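Written out below as structure tokens is the structure these notes cover.
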Amino acid sequence: MYQFKLHNVNDVASAIDVFERSDDAVYIAGGHTLIPAMKQRLSAPEDLIDLSGIPELDLIQVDGEVLQIGAMATHAMVAASSHVQSHSPAVADLAGGIGDRQVRYKGTLGGSLANNDPAADYPAAVLALGASVVTDRRTLAADDFFIAMFETALEEGEIIQAVRFPQVDQAVYLKFPNPASRYAMVGVMLARRDQEVRVAITGAAASVFRASTFEAALSENFAVSSIEDLTLAPDTLNADMHASAEYRAHLCKVLIERAIRAMSAG
Amino acid sequence: MSDSLVGKSILRKEDHRFVTGKGRYTDDIQQVGMTWGAFVRSPYARADIKQFDTTAALAAPGVVAVLTGEDVTADGLGGLPCGWMIHSKDGSEMRQPHHPVMAGDRVNYLGEPVALVIADSRLEAKNAAEMVLVDYEPLTAVVDPALASESDTLYDAVPNNLCYEWGLGDEGATEAGLANAAHVTTLELTNNRLIPNAIEPRAALAEYNSGTDEIVLHTTSQNPHLVRLIMTAFVQIAPEHKLRVIAPDVGGGFGSKIFVYSEETALAWAAKKLGLTIKWTAERSESFLTDAHGRDHVSVAQLALSAEGEFLALKVKTVANMGAYLSTFASSVPTYLYGTLLAGQYRTPAIYVEVDSVFTNTAPVDAYRGAGRPEATYLLERIVEKAAVEMSIDPAELRRRNFIGKDQFPYQTPVALEYDIGDYEASLEKALAMADYESFAERKKPAAGLGKLRGIGLSCYIEACGLAPSQVAGALGAGVGLWESGEVRVNPTGSVTVLTGSHSHGQGHETTFAQLVADRLGLPIDDVEVVHGDTGKLDFGLGTYGSRSLAVGGSALSVAADKVVEKARKIAAHLLRTEVDNIEFDAPVFKMIDSNESKTFQEIAFAAYVNHDYPSDELEPGLAEKAFYDPLNFTYPAGTHICEVEIDPDTGVVEIVQFVAVDDFGTIINPMIVEGQVHGGLAQGIGQALLERALYDDSGQLVTGSYMDYCMPRADNFPDFKVDMTCTPCTHNPVGAKGCGEAGAIGSPPAVMNAVIDALGGADLDMPATPEKVWRAAQRLDLKKIA
């Protein structure tokens, strides 16, 4: 790790102020991607702006039909929150399955989304549930937020403050963890609201994406039989020493089928 | 007499300090004026070094010095030697390329150190290391061991990159066995390359005292005396008596800390050259790149059987990857620790094995938990299981038919070893009962009903431990004796300090050895302290590896304790005014045979040092005895492991639903510690079978350079292990112990793979059985048929 200057701030405005006055600043939320990258000297910011001292950023509340989770809420907080468990139990489940105990006590929702790791869990939930991302300057629909690998619609210095999850009828997240890293080798989130079914897939490609053909078929008829003939095209999927694209495509379908069964049973 | 301490699960004495953070590891040690070392490493697997430019690094803040491979050459340092000479079939000596302490003109593997930067802080050293400019001209790397002998020649003196072409056994008899067989089973397999991953990375702290001209090196070693010997006699950084090597608390080794590496050697050299105190602790990434890796074999084998399933002959051809240089004991691993084990537990009359060891542009490969024996066991137990399937004989029954019977010992195998004792049926039958083997079909069917493929697999392993009878080892090419030293030092108050040349880096010697000595002397275990790991305190010792600590080091202590008792009897006879023959030791009391007078151990100890009325011409003061114990034979732990798996054919995920290990380690001092050793070994063996694989790409870059890609086993990968023992005490050492450290890693991989293959209807799979491989194999099955 190179030397850097750590800035503790108490509100969003001060964080942005420090960011704008620095030539090379990075916000740090839970730091579970940033700090390992800094230790390996792959990332070397001059200024590190710690968002954990901003009090209102980790609130979890229900506002009418909408569940609002503060960007700095840790995975452990989300997993344990009664608001999340009653409003969006699939999100609580997902949060409780991220990384390990240590990761869950430090890692945050906002940090995960801003980083947009192709194998992160949260992007699948945000996209499948049609959540919106509230920043210091605007509200972004999930469909507009995730751009590419490690890339989002966030502008320079923009800070995620909260994520707003609408109520859905049913949702399930299933993950096939990479045996080594335990990140999602494939993660699938299915969500149902009225007749609309959304299917978001993480881990399988350069960035989280919606499986539109599966969505259409399942919105028509929510049953395993309706996706029997569908496949994901392996040529758009990741391939590495752990899993070929073909295997990833297969796993996606297996997990979608299992999610359908779980939702049909429940 | 007190109750025997041997056989009791006494809690580990050392654990209090470990679990309360009071351990003292090399990196914990701080010295006044200490500087920090950081290594500049090759980013290429193979390249010529055109030029070093250290100007910018030397000008960087805090930098004290920069030494490069050119300085190593200029100082005339010797290379890092390999301590075991192997001769090829034609009688020629193995080829050993020069292994420089730091490379000066050519790098041969990714991460090879080329320069050492020394600075006032760790950060400054690391920063400046990035400023050392090395002008490389990359060359084509040789990575695949199977192709190495046809690839670019890495060293002029090593044609075809062949270190040696070794053979063992009777080729003619083996070919005849194959020719006359009713059935021949053929198997090709790889033994996957592994990275050791000790929890404590390698570290060194080298101090030079110009007043005494002595170097003190604290380092993470399994055998500090060997470190001292190699650094002084071979690399020649100092005379042997001017280097003290201390291996304090060491956090795991699994073999990787046997070897003498570049970094520790460079640090000791630099400390003296520059008059400095320097510390270096490997980062985990450096450990992945430079700790000697394990395994990495490609083999083809043929097993000849009679119509009744009697083994007639076994022929094996193996290519073993040595990596870029010969590490300290690398040459012995795929030869005398591998080929000699191919008889296993069986009476196979003719065995012939050929091993070609090759150099590649990868990290050096050397002994890793089991060292050669897991490779032999994996090959043998896979081919035996395959033969059973091909001949439609129950795998347990096929093994039973070929076992060396318990009345056939000592048993001379056709591959050099003479087994002293064993009872292979006993461990097999016990394991079968524990695994409920007979009713496996009743479990397979309901699993199939739930869409799961259930399989069961056996492994009946043997290993040669207790390394090693020095005469035999010497005849086979070892460069050192393989005895062990021990001293039992009785203090004037009757407490005991035990010194051993063995080394604990997690094994629990401080408890087991104390238990052994306390038992012999009839003392409370807390009165016995074990000292190890310091060349300044101990006689020469050979260290800990090859499951040798108790069988060899413990035997030395047993002999030393006997000598203490003998001397104490003389003291007792003097104090009781009688003859020595009239004194018997009923631990902890010395009694007169013909009267009820006696002396306690403490009274004897005190009298030994407060010797005011001694007959000084007959009796020396003091009560401390040494022993150097040289084993008469190897020890032969053996046992049966049975694994049962369930496979999800839709995803390829393998779940181990049951794992049974029944081992015969001879006499056991502390069952709890032994069970812990078995658990650890199983974790590593199952890890090899299902999870772990070191992978280089074609250019020699390490793909699995971190835990993101190198799959370390975790607790949730395992079921509760069912572990039990049988016991045939070793016949030739005074403890009766055979060694238990490696058995888990040796026996388990074939049991797991045989179970996976059984579940998959005989699929051909190499380790690790990753989900994708298993899924692909499952796709080829007619699942309806299995259900």
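From a predicted model like this one, the values you see are computed outputs, not experimental measurements. Naming: A, B, ... by sequence-line order, numbering from 1 per chain.
- The CZ atom of B/Arg776 sits 4.5 Å away from atom OG of A/Ser244, with the distance rounded to the nearest 0.5 Å.
- A 6.0 Å sphere centred on OH of A/Tyr105 holds no more than 12 heavy atoms belonging to other residues, nucleotides or ligands.
- Using a 4.0 Å cut-off between charged nitrogen and carboxylate oxygen, B/Glu130 and A/Arg41 count as a salt-bridge pair.
- Looking at A/Arg258 and B/Asp648, a side-chain N of the basic residue comes within less than 4.0 Å of a carboxylate O on the acidic one, giving a salt bridge.
- At most 12 non-hydrogen atoms from other residues, nucleotides or ligands lie less than 6.0 angstrom from CG of B/Asp698.
- The parts of B/Lys126 that come within reach of chain A are both its backbone and its side chain, each placing non-hydrogen atoms under 4.5 angstrom from that chain.
- When all heavy atoms of B/Asp650 and A/Val254 are compared, the pair lying nearest together is O-CG2, 3.7 Å.
- Contacts of A/Asn178 with chain B are made by side-chain atoms alone, with heavy-atom separations under 4.5 Å and no backbone atom involved.
- Ranked by non-hydrogen atom pairs under 4.5 Å with chain B, the options A/Ala243, A/Ala180, A/Ser181 are led by A/Ala180.
- A salt bridge links B/Asp716 to A/Arg182: at least one charged side-chain nitrogen sits closer than 4.0 Å to a carboxylate oxygen.
- Ion pairing between a basic and an acidic side chain is recognised when a charged N comes within 4.0 Å of a carboxylate O; B/Glu772 and A/Arg248 show no such pairing.
- Of the two parts of A/Lys253, neither the backbone nor the side chain holds a non-hydrogen atom closer than 4.5 Å to a non-hydrogen atom of chain B.
- A distance of 9.0 Å separates NE2 of A/His242 from CG of B/Leu695, quoted to the nearest 0.5 Å.
- Closest approach of A/Pro179 to B/Cys711, counting heavy atoms only: O-SG, 3.1 Å.
- Around atom CG of A/Leu42, more than 12 heavy atoms belonging to other residues, nucleotides or ligands sit under 6.0 Å away.
- Neither the backbone nor the side chain of B/Thr770 comes within contact range of chain A, judged by heavy atoms closer than 4.5 Å.
- B/Pro713 does not touch chain A: none of its heavy atoms, backbone or side chain, sits under 4.5 Å away.
- Of the atoms belonging to B/Leu123, heavy atoms from both backbone and side chain fall under 4.5 Å from chain A.
- With a threshold of 4.5 angstrom between heavy atoms, A/Met185 does not approach chain B through any atom at all.
- For B/Arg693, the CZ atom counts as loosely surrounded, since its 6.0 Å shell holds 12 or fewer non-hydrogen atoms of other residues, nucleotides or ligands.
- Within a 6.0 Å sphere centred on CD of A/Glu151, heavy atoms belonging to other residues, nucleotides or ligands number more than 12.
- With a threshold of 4.5 angstrom between heavy atoms, B/Arg122 does not approach chain A through any atom at all.
- The shortest non-hydrogen separation linking B/Ser285 to A/Gln40 is OG-NE2, 4.5 Å.
- Among all heavy-atom pairs drawn from A/His250 and B/Trp775, the shortest one is NE2-NE1, 2.9 Å.
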